[in-house]
Amino acid sequence: MIAVNTPGDNRQGTVGGLLPGMETRIEPVEGIPRGGRFFVRGPNVMSGYLHEAAPSSRRPTAGTTLATWSR
């Protein structure tokens with residue numbers, strides 16, 4: 001979860017505001033005029049999947065990592 005709607009801010013067609021500590025950016029994608037690739041980072045975004053055989057290690061998720069994020 002990266003956004004929430006509160007009763008006082010509820011507007012039809014929205015998902016709410018970003019949770020505290022979340023950052024987003026959108027990169028243009030050729031051929032998609034009104035959209036793009038959506039990147040999210042924050043304390044609640046998982047950094048990978050746990051290995052069943054080795055629970056203390058994890059397999060990174062695909063895509064940009066926090067270490068390579070640039071504005």
Side-chain angles (χ1 to χ4, degrees):
M1 177 182 306
I2 64 168
V4 293
N5 242 339
T6 60
D9 295 325
N10 190 13
R11 292 188 325 244
Q12 187 173 351
T14 69
V15 295
L18 287 176
L19 292 171
M22 300 301 300
E23 295 180 57
T24 63
R25 67 183 166 102
I26 299 174
E27 286 186 357
V29 173
E30 192 174 329
I32 304 177
R34 295 191 65 214
R37 190 169 186 185
F38 184 61
F39 292 87
V40 178
R41 77 172 172 179
N44 62 330
V45 177
M46 67 184 237
S47 60
Y49 295 93
L50 293 177
H51 283 283
E52 197 171 296
S56 62
S57 65
R58 62 183 166 224
R59 181 180 43 179
T61 55
T64 303
T65 65
L66 292 178
T68 61
W69 179 290
S70 63
R71 291 182 166 252

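Since this is a predicted model, take the numbers as computed values, not measurements.
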Shortest non-hydrogen contact between Pro43 and Gly21, atoms and distance: CD-O, 3.5 Å
Residue pair Ile32, Arg37: steps toward the side chain to side chain contact (heavy atoms under 4.5 Å, CB included) verdict: CA-CA 10 Å; Ile32 304 177; Arg37 190 169 186 185; over 6 Å; no
Distance, nearest 0.5 Å, that separates CZ of Phe39 from CD1 of Ile26: 10.5 Å
Ionic contact status for Glu23 with Arg41, cut-off 4.0 Å: yes
Nearest atoms (heavy-atom pairs only) where Gly16 meets Ala3: O-CB, 4.0 Å
hydrophobic_cluster_shared for Phe38 and Val15, side chain cutoff 4.5 Å: no
Residues forming a side-chain hydrogen bond (donor to acceptor under 3.5 Å, both in side chains) with Glu30, sequence neighbours excluded: none
Distance-minimising heavy-atom pair for Met22 and Gly42: SD-CA, 3.9 Å
